[in-house]
Amino acid sequence: MDVDVAGNLKKVLADLPEGVKLVAISKFHPKEYIEAAYSVGQRIFGESHEQEIKEKVEQLPKDIEWHFIGHLQTNKVKYIAPYISMIEAVDSMKLMKEINKQAAKNNRVIDILLELHIAEEETKYGFSLDACREMLKAGEWRDLHNVRICGVMMMASNVPDEAQIRKEMTSAWDFFNELKRDYFADAPWFKERSWGMSHDYKIAVQCHSTMVRVGTAIFGPRVY
Ligand SMILES: *Cc1c(COP(=O)(O)O)cnc(C)c1O
């Protein structure tokens, strides 16, 4: 292994204020890299492909909390439902219903985050703020007893302009507060704000993130 995973991990952790969780994004990295992070105490890892995560879950320690961070197709939910700790990028009612169904089959409640589309970049994924408002207003989610909505997740634009990144993260923070006030005031578990990646996690922790998703800064560049 030519990457100092343990050293990198410690550097990232040193940048995080208390109360901010680190999700180590291990997608496309071999299990030895995860073991290196695990051996210095890291327990939360994020993956974005159903087949890859399955293989890693089978081979690695059982006390790892796995987050699914990528776009999840509804037909793949059943594979990860037995063990996934959190599904971070939920961006449709259809997906939420399927997660609820598969969670019920496994006799559990699955924690999820609502993925917001705030960045100016074109992407197919994430609720627009208005679509998210409408979904919550419609109220169908209240019947999904095997899904627990724990907060919001977003990816800021991948740009060098720090002000732009700050603006987007601040919009996400404002929107989190709106949802907290309007729908989740009585839900203490609705508290997570997942933003910040390798290039912008230091900005994210200044912009009210509670969960940063850092891959490259810990494990080095991915080999696809
Ligand atoms: C890959 C990925 C990350 C990690 O990105 P790095 O730049 O390697 O830190 C974070 N969030 C999501 C949604 C990702 O897909």
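Every number for a ligand or one of its atoms is a count from 1 in the order of the listing. What you see is a predicted model; the values in this text were computed from it and never measured. Computed from heavy atoms alone, side chains included, the values below leave out hydrogens, waters and symmetry copies.
Nearest to atom 12 (C) of ligand 1 among the protein's heavy atoms is I69 CD1, 3.6 Å. Nearest protein neighbour of atom 5 (O) of ligand 1, counting heavy atoms only, is M197 CE, 3.4 Å. Counting protein heavy atoms only, atom 9 (O) of ligand 1 is closest to S198 OG, 2.5 Å.
Listed by number with element, the atoms of ligand 1 under 4.0 Å from a non-hydrogen atom of T216 are 6 (P), 7 (O), 8 (O), 9 (O). Residue contact check: V214 has heavy atoms under 4.0 Å from atoms 9 (O) of ligand 1. Below 4.0 Å from some heavy atom of G215 lie the following atoms of ligand 1, by number and element: 4 (C), 6 (P), 8 (O), 9 (O).
Under the 4.5 Å side-chain criterion, counting only non-hydrogen atoms from C-beta, M197 is not in contact with V214.
Among H29, H67, K56, the one residue that satisfies the side chain to side chain contact (heavy atoms under 4.5 Å, CB included) test with E47 is K56. Each of M153, H117, H71, M135 was scored for a side chain to side chain contact (heavy atoms under 4.5 Å, CB included) with D91, with one residue passing: H71.
Heavy atoms of H199 come nearer than 4.0 angstrom to ligand 1 in no pair at all.
Within 6.0 Å of NZ on K180 lie more than 12 heavy atoms contributed by other residues, nucleotides or ligands. No more than 12 heavy-atom neighbours from other residues, nucleotides or ligands sit within 6.0 angstrom of NZ on K101.
At least one cation-pi condition fails for R222 and F28: the charged atom is not both under 6.0 angstrom from the six-membered ring centre and inside a 45 degree cone around its axis.
The heavy atom nearest to atom 14 (C) of ligand 1, considering only M155, R222, K27, R213, is found in K27.
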